[in-house]
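So the structure is just underneath, and the comments pick up after that.
Convention: sequence-line order gives letters A, B, ...; per-chain numbering from 1.
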There are 2 protein chains.
Amino acid sequence: METRELRYFMAVAEELNFGRAATRLGIAQPPLSRAIQQLERRLGVDLLTRTSRSVALTEAGAVLLREGRAALDAVDAAARRARRAAKTDARLVLVAKAGASAELLAKILDGYAAEPGAIELEVELCGVGEQEPRLRDGRADVALLHRPFDSLSGFDVEELTTESQVVLLPAGHPMSTRASLTMAEVAALDLPLPRWPLRDGTYPPGPGPEVRDPAQILQLVVLGRAIVVLPDSVRSQIGGGVVAVPVPDAPLVTTVIAWPPQSRSRALATLIRVAAGL
Amino acid sequence: METRELRYFMAVAEELNFGRAATRLGIAQPPLSRAIQQLERRLGVDLLTRTSRSVALTEAGAVLLREGRAALDAVDAAARRARRAAKTDARLVLVAKAGASAELLAKILDGYAAEPGAIELEVELCGVGEQEPRLRDGRADVALLHRPFDSLSGFDVEELTTESQVVLLPAGHPMSTRASLTMAEVAALDLPLPRWPLRDGTYPPGPGPEVRDPAQILQLVVLGRAIVVLPDSVRSQIGGGVVAVPVPDAPLVTTVIAWPPQSRSRALATLIRVAAGL
DNA sequence: CATGACCCATACCCTACGGGTATCGGTCAC
DNA sequence: GTGACCGATACCCGTAGGGTATGGGTCATG
């Protein structure tokens with residue numbers, strides 16, 4: 001199977017319309033129809049059920065859509081990493097959620113910089129859910145992820161720290177002087193929970209504000225427009241105006257360092273060793 | 001990057017000789033040379049340093065060789081899984097090492113068969129190191145692997161059980177009546193340790209016999225031709241003639257259930273849930 | 001119920017790319 | 001110095017992949 005065929009199929013499978021898919025691919029519709037037919041012949045499997053009005057995925061097509069995305073990402077990642085390996089200014093790109101695990105990140109950076117033979121370590125802070133694709137397609141080399149929030153699927157990981165969670169309240173809030181709160185009490189406050197982006201970048205429907213990273217949400221808490229439960233380490237991020245109250249029965253959050261399998265360069269191995277040893 | 005180009009590059013990178021690589025690919029040498037040149041132009045990177053006598057990998061080439069293999073496996077796996085998804089006789093293929101975790105495996109099979117909607121579960125018993133490639137390229141859906149022996153890199157896993165290890169001795173052996181032995185004592189017995197295959201299927205050099213799976217080795221132990229330390233669960237496999245003596249300071253072995261990322265079908269999810277719940 | 005919009009497949013043509021053969025040019029060994 | 005070896009180049013050919021025109025089936029609309 002060629003990547004061209006796979007890309008064509010992915011476009012059709014996503015659009016469920018040959019015309020639109022062809023436009024997206026920058027080709028005409030007939031060659032696209034033929035390419036898909038040929039792919040089906042070669043695989044010996046029907047991927048799409050076409051009527052003269054619509055296109056739908058078969059069982060096999062759904063599988064190929066899911067697996068194909070991973071395969072194309074792997075091919076892209078291979079190309080991107082090969083290109084990057086040729087650059088003389090070798091560097092490692094680490095992605096983390098803006099505002100999460102700040103001290104841990106600082107410790108990792110300091111610890112790695114102190115290693116002999118350390119190369120430049122570029123830190124990219126991005127929104128929730130943006131790390132995984134970057135790591136998958138080779139734009140980043142390593143990420144700090146948080147279980148159980150982030151999907152660790154397909155990455156190699158090493159556990160770093162485990163923290164309990166706190167609820168953030170505006171300074172004057174009646175509950176803000178409590179020593180701890182339960183999840184039930186938090187829910188009873190009847191403030192909207194923020195909505196985090198889903199895997200595909202869209203937001204689930206609901207009342208809460210749409211947010212992309214932990215940093216963003218602090219403002220909303222100050223304004224009393226949202227309530228949020230976050231890992232304990234956000235304490236270091238909050239200034240005046242916001243109070244953190246422990247929520248003992250919230251799930252524990254584990255910060256992990258994650259990297260793509262099969263890509264353990266010398267520099268990456270060092271970074272992982274440093275991070276795991278902290 | 002097309003898979004054809006990648007396959008061509010992999011052949012050259014492995015052979016380090018255009019002529020032999022071309023033969024292996026079933027094409028002539030000149031088109032292969034051109035294809036590689038074109039790939040280098042497209043990536044904007046030198047992958048190989050050629051003299052008129054020899055070919056060597058550049059830094060970027062080494063990266064592409066490593067990453068490319070994973071990418072090609074992913075593409076093959078996507079095709080294979082799509083093909084299998086179309087078969088009506090849907091079934092799940094589980095690979096395990098012959099002779100390892102036998103009771104656990106039996107419990108998983110029984111537990112899964114009792115689930116509503118369970119489909120046929122085919123068990124393949126294979127040698128050490130054969131599971132990973134099968135899982136990677138789509139020939140198998142799920143595997144029982146043993147940490148720290150097997151590489152879990154690139155798979156999603158769920159831990160099942162942790163066991164200590166025992167040393168196997170022939171029944172009449174002077175040490176066979178001991179309650180336990182240390183690793184140092186085992187080493188002092190001066191019997192050859194068996195050699196397990198490496199990732200590429202070859203065996204490391206050394207004096208011990210070449211073995212492929214735990215079952216195979218029992219005979220050698222009876223004959224006094226080898227000594228081996230294995231997870232506690234082999235006890236159920238050994239008949240007369242062999243005695244298992246605990247080795248408390250041997251590393252703990254964790255049996256995990258592993259599956260390829262992005263491929264969590266309904267049946268697979270059920271199987272994992274059943275296994276993890278035992 | 002007829003007509004048009006929509007959508008995928010087919011027919012047909014053309015170009016460019018992938019592959020083949022012959023040969024060159026450079027390097028090492030004997 | 002000569003031959004063996006090996007990758008690159010030159011040149012040719014077939015076909016795979018892309019384009020345009022159009023067919024044919026289905027649904028919506030007046």
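Side-chain to base pairing of A:Arg50 with D:dG25: no donor and acceptor N or O lie closer than 3.5 Å to each other.
In this structure, A:Ile36 atom CD1 and D:dG18 atom C1' are separated by 15 Å, rounded to whole Å. Taking atom CZ of residue B:Arg41 and atom P of nucleotide C:dC17, one finds them 10 Å apart after rounding to whole Å. Taking atom CD of A:Gln38 as the reference point, atom P of D:dT15 lies 14 Å away to the nearest angstrom. Note: CD (A:Glu5) to C1' (D:dA16) measures 11 Å, nearest angstrom. One can place CG of A:Leu47 at 16 Å from C1' of C:dC8, the figure rounded to the nearest angstrom. With rounding to whole Å, B:Asp46 atom CG is found 15 Å from D:dG7 atom C1'. Atom C1' of nucleotide D:dG18 and atom CG of A:Leu32 are separated by 11 Å, given to the nearest angstrom.
Residues B:Arg50 and B:Glu40 are paired through a salt bridge, judged by an N-O separation under 4.0 Å between the basic side chain and the carboxylate. A salt bridge between A:Arg24 and A:Glu14 is present, with a side-chain N of the basic residue lying under 4.0 Å from a carboxylate O of the acidic one. The pair B:Glu2-B:Arg7 does not count as a salt bridge, with every side-chain nitrogen at least 4.0 angstrom from each carboxylate oxygen.
Contact annotation: B:Ser33 side-chain N/O to D:dG7 OP1/OP2 distance is not under 4.0 Å.
One side chain, B:Asp156 or A:Ser153, offers a donor N or O that lies under 3.5 Å from an acceptor on the other. Defined by atom type and a distance below 3.5 Å, a donor-acceptor pair is missing between the side-chain atoms of B:Gln37 and B:Ser33. No side-chain donor from either of A:Glu115 and A:Thr270 sits under 3.5 Å from a side-chain acceptor of the other.
Taking the nucleotide of DNA chain D with the nearest heavy atom to each of B:Ser54 and A:Pro31, the more 5' of the two is matched to B:Ser54. Each of B:Arg53 and B:Gln29 was assigned the nucleotide of DNA chain C with the nearest heavy atom; the assignment lying further toward the 5' end belongs to B:Gln29.
For B:Pro30, the listed nucleotide lying nearest its side chain is D:dA8; candidates were D:dG17, C:dG19, D:dA8. Nearest nucleotide to the B:Arg34 side chain, out of C:dG19, D:dT9, D:dG18: C:dG19. Side-chain atoms of A:Tyr8 lie closest to D:dG18 of the nucleotides D:dG18, D:dG19, D:dT9. Across C:dA9, D:dA8, D:dG19, the shortest atom-to-atom separation from the side chain of A:Ile27 is found for D:dG19.
Heavy-atom distances under 4.0 Å link DNA chain C to B:Gly26 of residues 9-26 of chain B, given in residue order.
Using a 4.0 Å heavy-atom cutoff across all strands shown, B:Glu2 reaches no nucleic acid atom at all.
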Please report, to 0.1 Å, the donor-acceptor pairs under 3.5 Å made by any side chain of residues 117-127 of chain A, with sequence neighbours excluded.
| unit_1 | atom_1 | unit_2 | atom_2 | d |
| --- | --- | --- | --- | --- |
| A:Glu122 | OE1 | A:Arg91 | NE | 3.4 |
| A:Glu122 | OE1 | A:Arg91 | NH1 | 2.9 |
| A:Glu124 | OE1 | A:Arg134 | NH1 | 2.5 |

